[in-house]
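A quick write-up on the structure given underneath.
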Amino acid sequence: MGVFGKLFTLTQSESDRLLGLESASEYRERWISIRVIYFMGFTIYLAFAIVATSMWPYLRSLDPAAEKVFLTYVFAIPSLLQLAFSPVFGWWNNRIKSIRMPMVFFLITFIVGHVLYAVIGEIKVHEKYLMVVSRGLIGMSTVSCTIYRAYMSSATTVPERTKAMSFLSLAQTSGMLVGSALQPIFSLLGEDGFLFMGSIKVNMYTAVAWFCTALGCINLVLMMPSVFNDHQIALKEALKGHGPKTSKAVWQSTKLDFLPINLMLAAFALLMFVYTTIQTLLSPIALDQFGWTNEESLFYLGILMTVGALISCVLFLLLDPLCKRFGESNVLVYGAMFALFLSQLMLIPFGSEPITSVTEVGNLTELHNSTTVASGCPLTQEWCQRIPPISKVQFTISYTLLCVSFSIGTTLSQAVFSKLLGPRPQGTWMALLTCAGSAARILGPGSVTLYVLFGTYWTFGAGSVLAGLVFIWMWVYRNTLQPAKPVVPPEMAEELKVLNSKNIVQ
């Protein structure tokens, strides 16, 4: 209960008061603004998850001639726009005093995108292209991730940042969980649904968009000055003890160590790449390696992914105390990167029994005459004849380790990345982090080609090597993963030595 108490309390502790950085009312305002950001993250990720399973049947209902290839454009457009526009808005964020204006812009694109998604069927022209446009607008709104990550870095002190980032990750994961749970509930409306106010059609496809529109409107209200006010506590923390120096002079005196910064970018991108790869390969592995039917695959993978999401939520709550107990860099190195290496290693099959091929599942004539996709490894993948299957135990352990590494790694890599940058404006830097993640999510599904052509040895062997190299790199330089500090001039350093030697305490 203590963890949840800290999440909801707005009372300034005695230790925070003694820092002298803000009053009790400013502390309350600051944490209200942080909670608005939590809700924003929850909404953005819920909107992504709530349409994931219904987008293809909705597209087919709008345009029966649409092909699966076109669906890749619908899924790819949000990441592509995030990759393209994050640097622009990150640069803009560094030059404005408040994030309210860009956040309101993103919320408006979020709302308009979902309204368009809901009314495509009423427009009755170029439906599949209108879906791409609507997903593009929604994708534009995800650039807000860059803005609110930068704000979280400026609105928290160094000791608070890991906990705040872990709660943000918890909010985002909770959004995905709630979104996944709501889609089956909205499916009860069916394709016919009902007419709202006699003209607006609400069915299993459009209801999710109207729900997201309502959440977007609530977010828009929360961004108003009466609720949300920007606070730059990180800069106040850095300025403390530096006399009359300007804020710019303080952050410019903070030396950047580019090696650990690049290491955090590489780690974040790798985690996104591997996670996206495995998420894309879950169904092919279940069908090829285990001989499951489509129904069995949906059922068992749904359970596995739900349990994985719950594990992530628990880890987000435990992350701050774990870092205080074992050290942030150790939790990142061993809890994230080593776990990622083991998760890839666990997917390399061993044994001598061949994979069950599609010809062994049933009579080929029956399969050709059936509309049901046959389970088992297809004949086009010739490597199935010589490579043993991945066992269900291997698969389960690997996915569990992946959830652990992804939860810890993405949260801590963002927190450490922010601390390495110091109190300087971080919009452009956070845009770089967002771009690294977006590029990784775009490239990740490409691993399916490697799996189809060369099989599990090459796919997960390459993943093991890549994760192992980044783990070794991070282990060697783990002591450099420390918050940036302003460079102390030589004359001030001499004064500090004198003060310390006399045990003078101001």
Side-chain angles (χ1 to χ4, degrees), residues 33-52 54-55 58 73-90 92-93 96 98-120 123 129-152 168-169 171-180 182-183 186 200 202 205-225 227-228 427 430-431 434-435 437-438 441:
S33 74
I34 291 172
R35 280 154 177 74
V36 171
I37 297 300
Y38 290 163
F39 187 64
M40 180 78 172
F42 172 85
T43 302
I44 293 293
Y45 276 69
L46 180 144
F48 170 79
I50 201 170
V51 298
S54 65
M55 203 177 299
Y58 184 37
Y73 305 143
V74 178
F75 272 103
I77 193 68
S79 294
L80 287 172
L81 287 178
Q82 189 182 62
L83 180 63
F85 287 99
S86 285
V88 176
F89 283 94
W92 182 37
N93 182 70
I96 55 178
S98 173
I99 68 167
R100 183 176 292 108
M101 188 182 298
M103 293 299 274
V104 167
F105 170 77
F106 291 132
L107 285 168
I108 291 173
T109 60
F110 180 88
I111 292 168
V112 172
H114 279 99
V115 170
L116 177 59
Y117 187 89
V119 300
I120 293 173
I123 299 174
Y129 298 109
L130 286 175
M131 179 175 279
V132 172
V133 173
S134 70
R135 294 302 298 169
L137 288 169
I138 296 166
M140 177 67 78
S141 71
T142 64
V143 180
S144 61
C145 298
T146 295
I147 307 298
Y148 68 59
R149 283 171 183 159
Y151 178 71
M152 290 291 286
L168 176 60
S169 297
Q172 292 172 161
T173 304
S174 299
M176 294 186 73
L177 270 175
V178 173
S180 300
L182 284 176
Q183 177 61 80
F186 284 122
I200 301 174
V202 179
Y205 305 129
T206 62
V208 296
W210 291 120
F211 180 77
C212 290
T213 300
L215 288 180
C217 292
I218 294 171
N219 268 277
L220 202 56
V221 172
L222 293 177
M223 286 305 301
M224 295 298 103
V227 180
F228 182 92
M430 286 298 170
T434 302
C435 287
S438 298
R441 287 198 303 272

Revision key, fill the gap. To the nearest 0.5 Å, atom CD1 of Ile99 lies from atom CE of Met152 at 10.0 Å
Check your understanding: Given Gln82 and Met140, is the side-chain contact (heavy atoms from CB on, under 4.5 Å) satisfied, shown in steps?
Key -> CA-CA 6 Å; Gln82 189 182 62; Met140 177 67 78; over 6 Å; no
Practice item. Quick one: do Val133 and Leu116 satisfy side-chain contact (heavy atoms from CB on, under 4.5 Å)? Show the steps, please. Key: CA-CA 8 Å; Val133 173; Leu116 177 59; 3.9 Å; yes
**Study point:** Donor-acceptor contact below 3.5 Å, side chain Ser86 vs main chain Leu83
**Key:** no
Exercise for review: Before giving the answer on side-chain contact (heavy atoms from CB on, under 4.5 Å), spell out for Val221 and Val227 the whole-Å C-alpha distance, their side-chain angles and the decisive distance to 0.1 Å.
Suggested key: CA-CA 8 Å; Val221 172; Val227 180; 5.5 Å; no
Check your understanding: Is there side-chain contact between Leu107 and Ser141, with at least one heavy-atom pair below 4.5 Å?
Key -> no
Study note, to complete from the structure: Distance col, row Trp210:CH2 vs Thr213:OG1, nearest 0.5 angstrom, shows 6.0 Å
**Study point:** Value rounded to 0.5 Å, distance of OG1 in Thr109 from NE2 in His114
**Key:** 10.0 Å
Practice item. Taking the side chain as every heavy atom from C-beta outward, state whether Pro78 and Ile138 have any atom pair closer than 4.5 Å. Key: no
Practice item. With sequence neighbours left out, write down each residue that passes side-chain contact (heavy atoms from CB on, under 4.5 Å) with Phe48, or none if nothing qualifies. Key: Met176
**Study point:** Heavy-atom closest contact (Ala209 atom, Ala118 atom, distance)
**Key:** CB-CB, 3.8 Å
Check your understanding: Who are the ring pair (Phe, Tyr, Trp, His ring centres under 6.0 Å) partners of Phe39, not counting sequence neighbours?
Key -> none
**Study point:** Residue pair Phe110, Ile44: steps toward the side-chain contact (heavy atoms from CB on, under 4.5 Å) verdict
**Key:** CA-CA 9 Å; Phe110 180 88; Ile44 293 293; 4.0 Å; yes
Practice item. Determine whether Tyr148 and Met430 make a side-chain contact, defined as any pair of heavy atoms from C-beta on separated by less than 4.5 Å. Key: no
Exercise for review: Check whether any side-chain heavy atom of Leu182 sits under 4.5 Å from a side-chain heavy atom of Val208, and report yes or no.
Suggested key: no
Exercise for review: Work out which heavy atom in Met223 is nearest to a heavy atom in Arg100; give both atom names and the distance.
Suggested key: O-NE, 2.8 Å
Exercise for review: Keeping the roles fixed (side chain from Arg441, backbone from Ser79), state whether a donor-acceptor pair exists under 3.5 Å.
Suggested key: no
Check your understanding: Is the shortest heavy-atom distance from the side chain of Pro102 to the side chain of Ser144 under 4.5 Å?
Key -> no
Check your understanding: Roughly how far apart are Phe42 CZ and Thr173 OG1, rounded to 0.5 Å?
Key -> 11.0 Å
Exercise for review: List in chain and number order the residues that pass ring pair (Phe, Tyr, Trp, His ring centres under 6.0 Å) with Tyr58, two or more places apart in sequence or in another chain; answer none if no residue qualifies.
Suggested key: Tyr117, Tyr205
Review point. Does some side-chain heavy atom of Tyr45 sit less than 4.5 Å from a side-chain heavy atom of Ile50?
Key: no
**Study point:** side-chain contact (heavy atoms from CB on, under 4.5 Å) against Leu81, all qualifying residues, sequence neighbours excluded
**Key:** Ile77, Phe85
**Study point:** Short side-chain donor-acceptor distance under 3.5 Å, Thr434 and Thr146
**Key:** yes
Revision key, fill the gap. Smallest heavy-atom separation, Leu46 atom then Cys212 atom, equals CD2-SG, 4.1 Å
Check your understanding: Checking Asn93 side chain against Phe89 main chain: does a donor-acceptor pair fall under 3.5 Å?
Key -> no
Review point. Where do Thr43 and Asn219 come nearest, in terms of heavy atoms and distance?
Key: OG1-ND2, 2.8 Å
Review point. So how far is it from Leu168 CG to Met40 CE, rounded to the nearest 0.5 Å?
Key: 11.0 Å
**Study point:** Partner set under ring pair (Phe, Tyr, Trp, His ring centres under 6.0 Å) for Phe186, not counting sequence neighbours
**Key:** Phe211
Review point. Can you name the residues that form a ring pair (Phe, Tyr, Trp, His ring centres under 6.0 Å) with Phe228, not counting sequence neighbours?
Key: Tyr151
